[in-house]
Amino acid sequence: MAEKGVKKWVITITVIVASLLELIDTTIVNVSLPQMQGNLGATLEDIAWITTGYAVANVIILPMSGWLGETFGRKNYFLTSIIVFTIASFLCGNATSLNELIIFRILQGLAGGGLISTGQAILLETWPPEEVGTATAMFGLGAVVGPTLGPTIGGYITEHFSWPWIFYVNIPVGILAAFATYTVISETPKTAKGRPIDWWGIILLAVTVGSLQTVLEKGESEDWFATSYILVLSIISVLGFLLFIWREKTVEYPIVNLEILKKRSFAVGMFFSFVLGFGLYGSVFIFPIFCQNLLGFSPLQTGEILLPGGIATIVLMPFIGMMLKKGVPAQLMAGFGMLMFFFFSLMLSKSTLSSGTGDFFWPLIIRGVGMAFLFVPLTTLAIQDLRGKEIGQGTGLNNMGRQLGGSFGIAALTTFLHIRNGVHRSNLLSNINEYNSAFTAKIQAITQSFMAKGYTFLDAQHAATKAIEGMVIKQTVLLTYTDAYWLVGYVMLFSIPLLLLQKFKKNTEIPADVH
C-alpha cells in the first residue's frame with residue numbers, strides 16, 4: 001500500500017541508507033587489503049577471499065530474496081538483514097585471524113543481499129504507481145553511488161585510522177536503520193508461509209551461483225582452467241544451472257519464479273542490468289589501479305578524484321525520475337547514458353603518464369551523468385510489466401544480473417589486461433635493437449646523462465638499460481589500460497541498438513495492483 005507525506009520519505013531514507021551500507025561495503029575494503037594483509041599475516045591470494053567471500057554470498061542470496069520476503073514478510077526479512085549485517089560488521093572489525101574475517105564477511109554478504117532487493121521492493125510499494133520512476137531514482141542513489149564512494153571512504157579511513165574502522169562505521173548507521181524499519185515500515189503479508197520449501201532449489205541455486213561467482217572472482221589469478229578447482233567449479237556451475245532450471249520448471253512452489261523471464265521487458269532488462277554492472281564495477285575496478293599503480297596516486301587521492309562524479313549522479317537522479325514521470329521514453333534516456341559512458345571511456349583512453357588529478361575531473365563527471373541516465377531507466381524498463389509478488393522476485397533477479405555483470409566485467413577486464421600487456425610489451429621490445437636509430441640515440445643520451453653524474457661508462461650503460469626497461473614497463477601498462485577503457489566503452493556503445501528490443505510506452509509505470 002502506497003504511503004503519503006512524511007512517512008513516505010522516512011521509509012525512503014531508511015531503505016536508501018540500509019541499501020547504501022551493503023553497496024559501499026562491496027568496494028570499501030579494496031583499498032584496505034594491503035593493511036589487512038600485513039596485520040593478519042596473509043598472502044595476497046588469501047586476503048582476496050575477503051572480497052570474494054562477500055561477493056559470492058551476496059550473489060547467492062539475491063535471487064532468493066523475493067521468496068524469503070514472501071515467506072517471512074518483507075519488513076521482518078529486511079529488519080533481520082539489517083541486524084545481522086550490523087552484527088557481522090562488528091565481528092569483522094574484531095576478527096583476529098584471516099579465517100574469522102572471511103567467515104564474518106560471508107555472513108555480512110548473506111545479510112547484505114537481503115538489503116538490496118527487499119529494500120527496492122519496499123520502496124516500490126511505498127510510492128504510488130505514477131511515481132515509480134522517482135522511487136527507482138531514489139533507490140538508484142545508493143546502487144550507483146555506493147560502489148563509487150566506497151574507495152573514497154575506505155581510503156580516508158585507511159589513512160587516518162585502521163582497517164577495523166571500515167566495518168565499525170556501519171554499526172551506528174545499522175542501529176538507526178533497524179530502529180526506523182521497526183517503527184515506520186508497514187508489514188506485508190507472508191504469502192508463501194505454510195508452503196513446502198524448495199530445498200533442492202535452494203541447494204542448486206547456491207551451488208550454481210556460488211561456483212560461477214568463485215570462478216569469475218578467482219579465475220584470472222588461478223590461471224583459469226589450468227587450475228583443477230576452477231575447472232571443477234566451472235563444470236559444476238554449468239550442470240547446476242541446467243538442473244536448477246529443470247527443478248524450478250517442474251516443482252509446484254519454486255524458490256525462484258522463472259516464469260517472469262517469459263516477459264520480454266524483464267528478460268531484456270536483465271541483460272541490460274548485466275551490461276550496467278559490467279560498466280559500473282568494471283570502470284571502478286580499472287581506474288583506481290591505473291591511478292595508483294601507474295600515476296602514483298594515494299588511495300585517498302584516488303577516492304577524492306571519484307567523488308565529483310558520484311555527486312553528479314546524486315544531483316541528477318531526482319531529475320531523471322521526474323523526466324520518466326513526464327513520459328520521456330526510458331529507452332532514449334538509457335541510450336544517452338550509454339553514449340555518455342562511451343565518451344567517458346574515450347576521454348580516459350587518451351590519458352598519459354603525465355596526467356594529473358585535474359585531467360580526470362570532466363571524464364568522471366561525464367561518467368556520473370551517464371550512470372544517472374542508465375540505472376533508473378533500465379531498472380524501470382525491467383520491472384514495468386511485473387505484477388504483485390513478481391516485484392520481489394524480479395528485483396532480486398535484476399540485482400543479481402547487475403552483480404554478476406560486475407563480476408564478469410572484472411574477470412574479463414583482468415584477463416584482457418593480462419593478454420594485452422603481453423602484446424604491447426612484445427611490440428615495444430621489437431623496437432629495442434641496435435638497428436633502430438631512435439633507440440640508439442635515446443640510450444646514448446641516457447648513458448651520457450649518467451656519466452655526467454659521475455658514473456663509469458659500464459655503470460652508466462647498465463643504468464641506462466634499466467631506465468629503458470622502466471620506460472617500456474610504464475608504456476606497456478599505459479597502452480594496456482587504454483585498451484581496457486576502449487573495451488568498456490565499446491560494450492556500452494554496441495549495446496545501444498538492443499534498447500529497441502524493449503517496448504515503448506508513453507508512461508512507464510507500475511499498475512496499481514502491485515500494491
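In this structure, the ring of Phe90 has its center no less than 6.0 angstrom from the ring center of Phe104. For Phe271 and Phe274, the distance between ring centers is not under 6.0 angstrom. Phe72 and Tyr77 have their aromatic ring centers separated by at least 6.0 angstrom.
How far CG of Leu68 is from OG of Ser81: 8.0 Å, rounded to the nearest 0.5 Å. Leu397 CG to Ile260 CD1: the interatomic distance, rounded to the nearest 0.5 Å, is 5.0 Å. A distance of 11.5 Å separates CH2 of Trp9 from OG1 of Thr126, quoted to the nearest 0.5 Å. Rounded to the nearest 0.5 angstrom, Thr12 OG1 and Lys7 NZ are separated by 12.0 Å. Summarising the geometry, atom CZ belonging to Phe244 is positioned 12.0 Å from atom CD1 belonging to Ile203; distances are rounded to the nearest 0.5 Å. In this structure, OG on Ser273 lies 10.5 Å from CG on Leu374, to the nearest 0.5 angstrom.
Ring pair Phe287/Phe360 is perpendicular by interplanar angle, where above 60° counts as perpendicular and below 30° as parallel. Ring-plane geometry between Phe344 and Phe341 is classed as perpendicular, the angle between the planes exceeding 60 degrees on a 0 to 90 degree scale with a lower cut at 30.
A donor-acceptor pair is defined here as one N or O able to donate and one able to accept, closer than 3.5 Å; no such pair exists between the side chain of Arg367 and the backbone of Ser283. In this structure, Thr313 contributes its side chain and Gly368 its backbone to a donor-acceptor pair below 3.5 Å. Of the possible polar contacts, one joining the Thr80 side chain to the Asn76 backbone as a donor-acceptor pair under 3.5 Å is found. In this structure a side-chain-to-backbone donor-acceptor pair under 3.5 Å is missing from Thr118 to Leu115. Using modelled atom types, one side-chain atom of Ser355 and one backbone atom of Thr352 make a donor-acceptor pair closer than 3.5 Å. Side-chain atoms of Ser211 never come within 3.5 Å of backbone atoms of Ser237 as a donor-acceptor pair (strictly under, hydrogens ignored). Lys474 places no side-chain N or O within 3.5 Å of a backbone atom of Leu353 that could act as its donor or acceptor partner. Side-chain atoms of Thr227 do not come within 3.5 Å of backbone N or O of Ile230 as any donor-acceptor pair.
With contacts defined as side-chain heavy-atom distances shorter than 4.5 Å, the pair Leu212/Thr208 does not qualify. Asn170 has its side chain out of reach of Thr86: every pair of non-hydrogen atoms, C-beta onward, lies at least 4.5 Å apart. Using a 4.5 Å cut-off on side-chain heavy atoms (C-beta onward), Leu276 and Met371 make contact. Residues Arg402 and Phe278 form no side-chain contact, since every pair of their non-hydrogen atoms from C-beta on lies 4.5 Å or further apart. A heavy-atom distance below 4.5 Å is not found between the side chains of Leu176 and Val17. Annotation: side chain of Phe297 is in contact with side chain of Thr357 (closest heavy-atom distance under 4.5 Å). With contacts defined as side-chain heavy-atom distances shorter than 4.5 Å, the pair Ser97/Glu100 qualifies. The shortest side-chain heavy-atom distance between Leu205 and Pro63 falls under the 4.5 Å cut-off.
In plain terms, the two heavy atoms of Leu413 and Ala484 that are nearest each other are CD2-O, 4.1 Å.
Side-chain N/O atoms of Asn94 and Tyr168 include a donor and acceptor closer than 3.5 Å.
With a 6.0 Å radius and a threshold of 12 heavy atoms from other residues, nucleotides or ligands, Phe241 has its CZ atom at or below the threshold. The number of heavy-atom neighbours closer than 6.0 Å to CH2 of Trp165, taken from other residues, nucleotides and ligands shown, is 12 or below. The number of heavy-atom neighbours closer than 6.0 Å to CZ of Phe319, taken from other residues, nucleotides and ligands shown, is 12 or below. No more than 12 heavy atoms of other residues, nucleotides or ligands shown are found within 6.0 angstrom of CZ on Phe179.
Figure legend: Lys350 and Tyr485 shown without cation-pi pairing, the cationic atom not lying both under 6.0 angstrom from the six-membered ring centre and within 45 degrees of its axis.
Shown are Gln108, Glu22, Arg105; of these, the side-chain hydrogen bond (donor to acceptor under 3.5 Å, both in side chains) with Tyr54 is made only by Glu22. Checking each of Phe343, Phe373, Phe342 against Phe336 for a ring-ring contact (aromatic ring centres under 6.0 Å, His included) leaves exactly one that passes, namely Phe373.
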Next on the checklist: Between Ser345 and Met492, does the side chain to side chain contact (heavy atoms under 4.5 Å, CB included) criterion hold? Intermediate values first, please.
Outcome noted: CA-CA 10 Å; Ser345 300; Met492 287 293 185; over 6 Å; no

